[in-house]
Each structure stands twice: as C-alpha cells, then as structure tokens.
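Both ligands and their constituent atoms are indexed starting at 1 by order of listing. In this chain, numbering begins with 1 at the start of the sequence shown.
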Amino acid sequence: MVKAVVGANWGDEGKGKITDMLAREADIVIRFQGGANAGHTIVNNYGKFALHTLPSGVFYNHTTSIIGNGVALNIPILMEEIKSITDRNVPMPKILVSDRAQIVMPYHILFDQYEEERLGGKSFGSTKSGIAPFYSDKYAKIGFQVSELFDEELLKEKIESVVAQKNVILEHLYHKPAIEPSELLETLHTYRDVIKPFVCDVSVYLDEALKAGKNILLEGQLGTLKDPDHGIYPMVTSSSTLAAYGAIGAGIPPYEIKGIYTVCKAYSSSVGAGAFVSEIFGEEADELRRRGGDGGEYGATTGRPRRMGWFDCVASKYGCRLQGTTDVCFTVLDVLGYLDEIPVCTGYEIDGEVTTQFPVTAKLAKAKPVFTTLPGWKSDIRGIRNYEELPENCRRYVEFIEEQIGYPITLVSNGPARDDIIYRKSTLNK
Ligand code: GDP
C-alpha cells in the first residue's frame with residue numbers, strides 16, 4: 001500500500017509533521033523530488049529538527065528511508081544531516097540512495113548564485129542550493145547519476161566534456177574562475193566513497209516491498225503551486241511537486257498510490273517571489289507570522305521571513321485537485337485562536353469577474369481576493385483530541401473550508417507534536 005504526503009499550496013504546510021506521524025505505520029519513507037532547498041520541521045521525543053534531504057521517517061527504528069531517483073542529491077549535505085541527527089542521539093537510520101539519483105555538483109551551487117547575481121532585481125528568489133542548474137543539466141542530459149561515480153573511465157571522460165561547456169559560460173557570461181577537471185574528479189571520488197554504503201537499485205527494492213505487502217510513504221517537498229507545470233510558472237521549483245510524480249521519482253507503478261494526503265495550512269504563507277492573492281501586510285501580517293507555525297513563520301532552510309496571507313480556497317481547491325487528494329490534512333489550526341474574525345479568500349476577481357478556478361500566471365497577476373469573514377473562536381484548542389470538542393466556530397471554519405475546496409478534511413492538526421492530531425469523519429461523500 002502506497003500513500004503520498006504532498007502540499008496543496010506554496011509549501012511549508014506542515015508536511016514534515018504529517019509524514020512523521022504517518023511514518024509510524026510505514027515500513028519505507030521515500031523522498032521523490034526536490035533537493036536540500038526546502039526543509040521540514042519535525043518535533044518529536046528527540047527534540048526539534050529541520051530536515052532538508054532525509055525523509056521524515058528517519059526517527060523510527062522500523063522504517064527504511066529512501067532518497068529516490070527524482071531527488072537532487074547533495075551528498076555533503078546528506079552526510080551532514082545524518083551526523084546532525086545521530087549527534088543528538090537518534091539511532092543511525094537505515095538509509096538507501098537510488099543508484100539513479102543524480103548528484104548536485106559544486107558548480108550547480110555556484111551557477112545558481114552567479115545567475116541570481118546576473119539577474120539582479122529580476123531574480124527568481126532562488127535559495128541558491130543549485131536546484132535549477134541541477135535539473136537543467138539533468139534534462140540537458142549532462143547530469144551525473146550516482147551509479148556513474150563507480151565507473152572511473154566514464155567519469156573522467158564525462159567530466160572533461162561537461163567542464164569544457166561549463167567553463168565557456170563561467171568565463172564569458174559570469175566572468176568567474178574556471179573549473180579544474182582534476183579537482184572535480186577528486187571531489188567526486190570523495191562523494192563516491194561516502195555514498196557507497198547506501199547505494200541501492202531502489203525500484204527493485206520497492207517492487208519486492210510491494211509484493212511483500214509493505215507500507216510505503218512518498219514524501220513530497222513544497223506544494224502544487226510550486227509545480228513547474230501546474231504552479232505559478234516561472235516562480236516555481238524545478239521538479240514536480242505532485243503525487244503523480246511520486247511514481248516516477250521513486251520508481252513504482254502509478255496505480256499503487258492509493259492514498260493521497262494533501263496538507264493544507266489553516267492560513268497561507270509563501271516564500272520567494274510570485275503571485276499570492278490572499279497576501280496580507282503590515283501589523284496584521286507580522287502578528288500572524290510571529291504566532292504562526294511552531295515559533296514563527298520563517299524558512300526552515302533559509303530563515304527568511306515568510307509572506308503571510310489568509311486561507312485561499314481558490315488556490316487550495318486547485319492544489320488538492322491536481323494532487324488527486326483522497327484526504328486533506330488541515331494543519332496549524334491552533335494558531336488562529338487569537339483572532340476575533342477570520343477572513344477567508346473564496347474567490348478571485350479578475351477583470352471585474354469573480355472566479356473560483358485558479359488561473360494561469362498572467363491572469364493571476366490581475367486577481368484581487370474576494371473575502372468571506374468568519375467568526376473566530378478566541379480560545380486555545382491545543383490538547384483537544386475529539387473533533388466534537390472543538391469550539392463551534394472552529395468547526396464552522398473547518399467545515400466552511402471543506403465545502404469550498406470540495407475535498408474531505410479527515411485530519412486536523414492542532415499543535416506541532418506527533419500527537420496533536422484530530423481524526424475526523426468528513427461530511428463530504430468520498
Ligand atoms: P513542511 O515543509 O510542509 O513540512 O512545513 P514546515 O516544516 O514549514 O512546517 C510548518 C511548521 O509548523 C513547523 O515548525 C511545524 O513544527 C509546525 N506545525 C506543524 N503542524 C502544526 C500545527 O498543527 N500547529 C502548530 N502550531 N504548528 C504546527
């Protein structure tokens with residue numbers, strides 16, 4: 001049985017917590033896309049952790065954590081991350097890395113920085129982790145697969161050819177120092193030696209696991225609106241954030257994915273540039289940012305303050321639809337307990353017409369939010385475990401949003417810890 005945990009919006013919806021929670025019953029947790037450019041925050045009995053590359057199953061003894069072929073694998077960061085958790089008394093997790101995963105090269109990170117510098121004010125707000133140059137090279141067919149580290153002849157030849165091309169750009173476009181092929185080869189030898197114990201033919205491993213009836217969890221990074229095809233292009237990430245891509249980025253048949261848990265936060269936040277229709281500013285935004293998440297809404301990887309906004313039903317309905325949602329996990333609801341009234345974006349006005357369908361980027365720039373205001377519940381809902389015990393206005397908020405987005409909210413998260421969760425029977429027909 002395969003389940004996916006994915007985001008409906010711009011990321012930072014609380015996927016890490018939901019994955020960590022669902023991982024209790026999973027034998028295998030797999031990252032299938034993205035790289036170390038975003039992170040999950042997880043709070044458990046070992047403490048509070050920010051993971052960037054490792055799957056959120058690493059805190060359990062019974063799970064195998066896999067870096068799938070779809071991931072942008074930054075080997076030094078993976079190694080640091082393993083050390084950072086084992087240094088804090090987490091037992092060494094069982095980790096496998098796909099032999100088909102491609103490697104983030106030192107020059108990908110440099111190219112990311114140089115390109116942002118070149119674009120100046122017109123930049124994409126990249127986290128400069130090398131993700132866009134990495135995926136460009138992957139699809140230009142000049143990337144390096146993990147398996148290639150173990151073929152010395154091929155590696156040498158390929159380095160010569162790739163470096164020749166990179167150096168032209170470095171010299172003539174960016175006016176930066178050239179790459180020395182022998183140095184790069186040495187770096188790749190160190191990568192080879194540290195990654196060797198983890199390398200695995202992951203699709204075979206998963207095929208056997210499926211036949212043995214194991215529970216597999218696919219862990220997504222970011223959310224629908226950052227998908228390169230269905231998101232707010234070009235302010236998107238470079239790999240698909242959709243559950244459907246889980247099949248490709250892990251190497252399993254698409255029909256095996258039976259549960260798609262789409263995580264939606266009870267308000268909105270976004271990092272980086274791009275349209276954000278329900279965005280709020282000033283003191284109203286500062287207060288939500290300060291109170292948001294677990295200790296404020298600041299990027300887990302970058303520390304950047306997140307842009308804040310009210311819940312956006314148009315974006316979330318779209319986000320859930322493109323994921324193929326079976327269950328919505330509605331998170332961080334506890335944070336809204338301070339508000340007298342809570343605006344919810346229920347439509348976009350574009351050229352004088354109101355729509356509830358999420359438009360293409362050019363139209364999105366013209367969209368103005370249409371808000372419906374709901375009464376707040378003015379109380380602390382942390383610690384509540386039964387849906388019926390939530391204040392009436394809080395339930396109204398959940399049910400109003402469920403009705404608007406059209407997908408069943410079956411999990412409500414009311415705190416950062418594993419057990420801060422309310423299971424709910426949806427009133428929508430599945
Ligand atoms: P991800 O990238 O989707 O995993 O999201 P983040 O790592 O940015 O998670 C959002 C933050 O919210 C983290 O600091 C979590 O610990 C925290 N969090 C998750 N669920 C809840 C919740 O229900 N309530 C509160 N207060 N915090 C939560």
Side-chain angles (χ1 to χ4, degrees), residues 4-23 29 31 33-59 81 127 217-226 237 241 243 261-272 288-308 311 316 319 323 328-339 379-385 387 390 394 397-398 409 411-424:
V5 179
V6 287
N9 304 107
W10 299 263
D12 308 318
E13 299 96 345
K15 293 178 296 297
K17 176 206 155 142
I18 300 295
T19 312
D20 180 59
M21 200 195 87
L22 292 176
V29 183
R31 282 280 314 269
Q33 46 93 212
N37 51 327
H40 291 312
T41 313
I42 295 170
V43 182
N44 57 32
N45 36 352
Y46 295 105
K48 184 172 176 176
F49 296 87
L51 297 184
H52 308 289
T53 297
L54 286 173
S56 303
V58 289
F59 299 101
E81 218 167 287
T127 57
L217 207 54
L218 299 169
E219 176 175 22
Q221 183 207 42
L222 297 167
T224 305
L225 305 181
K226 293 281 186 183
T237 193
T241 56
Y261 288 76
T262 304
V263 185
C264 275
K265 192 153 62 179
Y267 53 88
S268 302
S269 73
S270 155
V271 278
L288 185 55
R289 185 180 301 111
R290 258 196 322 274
R291 291 173 176 269
D294 179 30
E297 289 283 357
Y298 302 92
T301 301
T302 59
R304 289 192 284 192
R306 292 177 181 150
R307 297 162 67 195
M308 306 303 297
F311 190 84
S316 302
Q323 292 291 5
V328 175
C329 310
F330 197 58
T331 59
V332 206
L333 185 59
D334 50 304
V335 159
L336 300 182
Y338 72 98
L339 292 157
S379 63
D380 184 1
I381 59 163
R382 281 206 195 180
I384 294 178
R385 295 286 173 269
Y387 185 72
L390 288 173
C394 184
Y397 186 77
V398 173
I409 295 177
L411 292 167
V412 175
S413 172
N414 59 339
R418 261 179 201 170
D419 296 327
D420 294 328
I421 199 84
I422 298 169
Y423 295 90
R424 168 173 182 265

>> To the nearest 0.5 Å, what is the distance between CG on N414 and OG1 on T331?
In response: 11.0 Å

> How does D12 reach ligand 1, by side chain, by backbone, by both or by neither, if only non-hydrogen atoms under 4.0 Å count?
Replying inline: both

>> Side chain, backbone, both or neither: which applies to N414 and ligand 1 if a contact is any heavy-atom pair less than 4.0 Å apart?
In response: backbone

>> Heavy atom to atom 22 (C) of ligand 1, shortest distance: which of A417, A266, G220, G415 holds it?
In response: G415

>> Taking 4.0 Å as the limit for heavy-atom contacts, which would you say applies to K17 with ligand 1: side chain only, backbone only, both, or neither?
In response: side chain

> For T262, does its backbone N or O pair with a side-chain atom of K15 as donor and acceptor, under 3.5 Å?
Replying inline: no

> Given that the side chain starts at C-beta and the backbone is N, CA, C, O, which of these parts of R382 lies under 4.0 Å from ligand 1, counting heavy atoms, or is it both or neither?
Replying inline: side chain

>> Looking only at the aromatic ring of each residue, does the gap between the centers of Y423 and Y387 stay below 6.0 angstrom?
In response: no

>> Taking only non-hydrogen atoms of V332, do any sit less than 4.0 angstrom from ligand 1?
In response: yes

> Under 3.5 Å, side chain of Q221 to main-chain N/O of T241, donor-acceptor pair present?
Replying inline: no

>> With nothing but distance in play, are any N or O atoms of G16 less than 3.5 Å from an N or O of ligand 1?
In response: yes

>> How long is the straight-line distance from NE2 of H52 back to CZ of R31, given to the nearest 0.5 Å?
In response: 10.5 Å

> What orientation do Y397 and F330 show, parallel under 30°, tilted 30 to 60°, or perpendicular over 60°?
Replying inline: tilted

>> Under 3.5 Å between any N/O of G11 and any N/O of ligand 1: does that happen in this structure?
In response: no

> Where's the contact between R306 and ligand 1, heavy-atom distance under 4.0 Å: side chain, backbone, both or neither?
Replying inline: side chain

> If you draw the axis of the six-membered ring of Y298, does the NZ or CZ of R306 fall within 45° of it and under 6.0 Å from the ring centre?
Replying inline: no

>> Could you tell me if the side chain of K265 sits less than 4.5 Å from the side chain of N9, heavy atoms only?
In response: no

>> Heavy atom to atom 9 (O) of ligand 1, shortest distance: which of G295, G14, S56, G7 holds it?
In response: G14

>> I need the atoms of ligand 1 closer than 4.0 Å to a non-hydrogen atom of S413, numbered in the order shown.
In response: 20 (N), 21 (C), 22 (C), 23 (O)

> Can you list the ligand 1 atoms lying under 4.0 Å from a non-hydrogen atom of E13?
Replying inline: 3 (O), 5 (O)

